[in-house]
Undergrad: 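Handing you a structure now.
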Amino acid sequence: MKLLYEGKAKKLFKGPDKGTVIQYFKDDATAFNAQKKDTLQGKGIINNYISSSIFQALDQTNIPHHFIRRLSDREQLVKEVDIIPIEIIMRKVAAGSICKRLGLIEGKALPKPLIEFCLKNDVLGDPIISREHIEIMQLAEQSEMEAITSIAFRVADFLTGFFSMIHIQLIDFKIEFGRFKVSNKTHEVILADEISPDNCRLWDIKTNQKLDKDRFREDLGGLIESYSDIANRMSIQLPELKAEK
Ligand code: UDP
């Protein structure tokens with residue numbers, strides 16, 4: 001398979017048909033802009049299953065996305081897009097960088113969902129940017145930003161309900177969008193990348209136990225157990241969590 005791109009947690013390979021790509025989920029875990037690194041056996045498998053299941057569930061909504069189908073334990077087939085270099089962060093409860101930046105107390109519910117934008121640039125450490133930066137740097141068109149914002153709030157609503165059904169509180173999450181070529185002249189902005197406990201903060205509703213990547217960031221241990229717990233609550237039957245070949 002032809003490798004197109006390798007990121008921190010995934011590899012992208014050329015897909016079988018034109019306009020398709022294979023996303024391969026690795027076991028690598030990174031935090032703090034890759035200053036902290038480890039390999040957690042099976043993480044990629046669990047994230048592939050969880051993300052596939054969430055994107056499939058999105059089919060019940062009118063949220064446009066890149067997911068086609070899961071191909072294997074670590075691979076999924078997706079539509080080929082040009083990723084828009086903006087990370088969209090949606091927050092329902094204060095945690096992580098917003099607490100450090102603004103002095104908010106972790107766990108404080110925000111009065112309404114908050115959208116933030118970061119420049120997708122590891123060298124610069126993904127700095128937070130405003131709509132004006134996006135316009136001046138020509139990262140996305142005004143109409144694309146309208147689509148991104150509207151979809152992001154719908155994803156937040158959808159995920160809040162989805163996780164609350166399995167007794168999990170959605171704290172925040174990061175999503176990415178891509179431009180999908182519809183014809184030579186036109187493209188559509190669609191949800192891309194992954195939705196998994198690597199890029200959502202998820203707390204048990206009763207105990208507030210952290211079930212997401214903060215277990216790795218904060219050295220809490222038990223990451224694979226927590227991710228498996230989420231998969232289990234989603235009624236996913238996980239395969240054996242074998243190491244990567
Ligand atoms: N996030 C992510 N990738 C990033 C930065 C953040 O997936 O490069 C996710 C993170 O897992 C959390 C949300 O976005 O669910 C908000 O992250 P935050 O800005 O608090 O950054 P952190 O302090 O986690 O680096």
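For ligands, and for the atoms within them, numbers begin at 1 and follow the listed sequence. Small disclaimer: the values here were computed from a predicted structure and weren't measured.
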Undergrad: What protein heavy atom sits nearest atom 7 (O) of ligand 1, and how far off is it?
TA: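 It is Asn199 CB, 2.8 Å.
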Undergrad: Within 45 degrees of the ring normal and closer than 6.0 Å to the centroid, is that where the cationic atom of Lys36 sits relative to Phe216?
TA: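 Cation-pi check for Lys36 and Phe216: passes.
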Undergrad: Looking at CD1 of Ile54 and CG of Asp59, how far apart are the two atoms once the value is rounded to the nearest 0.5 Å?
TA: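 Output value for this atom pair is 13.0 Å.
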Undergrad: Determine whether the side chains of Asp82 and His187 contain a donor N or O and an acceptor N or O closer than 3.5 Å.
TA: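 No donor-acceptor contact under 3.5 Å links the two side chains.
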Undergrad: Whether Arg201 engages the ring of Phe173 as a cation-pi pair (distance to the six-membered ring centre under 6.0 angstrom, angle to the ring normal within 45°) should be assessed.
TA: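 No, Arg201 does not lie over the aromatic ring of Phe173.
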Undergrad: Quick one: which of Glu194, Lys174, Arg217 has a heavy atom closest to atom 2 (C) of ligand 1?
TA: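 Of the listed residues, Lys174 has the closest heavy atom.
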Undergrad: For ligand 1, which atoms sit closer than 4.0 Å to a heavy atom of Gly96?
TA: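 Here the atoms of ligand 1 in question are 20 (O), 23 (O).
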Undergrad: May I ask you to decide whether Glu244 forms a salt bridge with Lys26, counting only side-chain N to carboxylate O separations under 4.0 Å?
TA: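 The answer is no: the pair does not qualify as a salt bridge.
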Undergrad: Would you kindly say whether Asp212 and Tyr227 are connected by a side-chain donor-acceptor distance under 3.5 Å?
TA: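 Absent: no donor and acceptor within the cut-off.
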Undergrad: Would you check whether Arg201 has a nitrogen or oxygen atom less than 3.5 angstrom from a nitrogen or oxygen atom of ligand 1?
TA: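 Yes, at least one N or O pair falls under 3.5 Å.
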Undergrad: At a 4.0 Å cut-off, with the gap strictly under it, does some heavy atom of Lys213 reach an atom of ligand 1?
TA: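 Per 4.0 Å heavy-atom rule, Lys213 does not contact ligand 1.
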Undergrad: What is the nearest protein non-hydrogen atom to atom 12 (C) of ligand 1, stated with its residue, atom name and distance?
TA: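 For atom 12 (C) of ligand 1, the nearest protein heavy atom is Asp172 OD1, 3.1 Å.
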Undergrad: Need the ligand 1 atom indices (1-based, order shown) with element for anything under 4.0 Å from a heavy-atom of Arg91.
TA: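 Those of ligand 1 that fall under 4.0 Å from Arg91 are 16 (C), 18 (P), 19 (O), 20 (O).
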Undergrad: Looking only at protein heavy atoms, identify the closest one to atom 8 (O) of ligand 1 and say how far it is in Å.
TA: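 The closest one turns out to be Glu87 OE1, 3.3 Å.
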Undergrad: Is there a donor-acceptor contact under 3.5 Å linking the side chains of Arg217 and Thr30?
TA: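 No - no donor-acceptor pair under 3.5 Å links their side chains.
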Undergrad: Quick test: of every protein heavy atom, which one is nearest to atom 6 (C) of ligand 1, and how far off is it to 0.1 Å?
TA: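 Protein heavy atom with the smallest distance to atom 6 (C) of ligand 1: Ile89 CD1, 4.2 Å.
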Undergrad: Determine whether the side chains of Thr20 and Asp17 contain a donor N or O and an acceptor N or O closer than 3.5 Å.
TA: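 No.
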Undergrad: Using a 4.0 Å cutoff against the non-hydrogen atoms of Cys200, which atoms of ligand 1 qualify?
TA: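 Those of ligand 1 that fall under 4.0 Å from Cys200 are 15 (O).
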Undergrad: Looking at Asp198, which atoms of ligand 1 are within less than 4.0 Å of one of its heavy atoms?
TA: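 Selected atoms, number and element: 7 (O), 11 (O).
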Undergrad: Nearest heavy atom to atom 19 (O) of ligand 1: which of Cys118, Ser97, Cys99, Ser196 does it belong to?
TA: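 When every heavy atom of Cys118, Ser97, Cys99, Ser196 is considered, Ser97 comes closest to atom 19 (O) of ligand 1.
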Undergrad: Show which atoms of ligand 1 fall inside a sub-4.0 Å distance from at least one heavy-atom site of Ala95.
TA: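 Reading through ligand 1 atom by atom, the close ones are 20 (O).
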Undergrad: Any atom of ligand 1 sitting under 4.0 Å from a heavy atom of Ile171?
TA: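 Heavy atoms of Ile171 never come under 4.0 Å of ligand 1.
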Undergrad: Check contact between Glu116 and ligand 1, using heavy atoms of the residue and a distance below 4.0 angstrom.
TA: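 The answer is no, since Glu116 has no heavy atom less than 4.0 Å from ligand 1.
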Undergrad: For ligand 1, which atoms have a heavy atom of Asp126 less than 4.0 angstrom away?
TA: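 Numbered from 1, ligand 1 contributes 8 (O).
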Undergrad: side-chain hydrogen bond (donor to acceptor under 3.5 Å, both in side chains) with Glu194: which of Gln76, Lys10, Lys174, Gln23?
TA: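 With Glu194 as partner, Gln76, Lys10, Lys174, Gln23 yield a single side-chain hydrogen bond (donor to acceptor under 3.5 Å, both in side chains), made by Lys10.
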Undergrad: Roughly how far apart are Cys118 SG and Glu176 CD, rounded to 0.5 Å?
TA: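 Going from SG on Cys118 over to CD on Glu176, the span is 10.5 Å.
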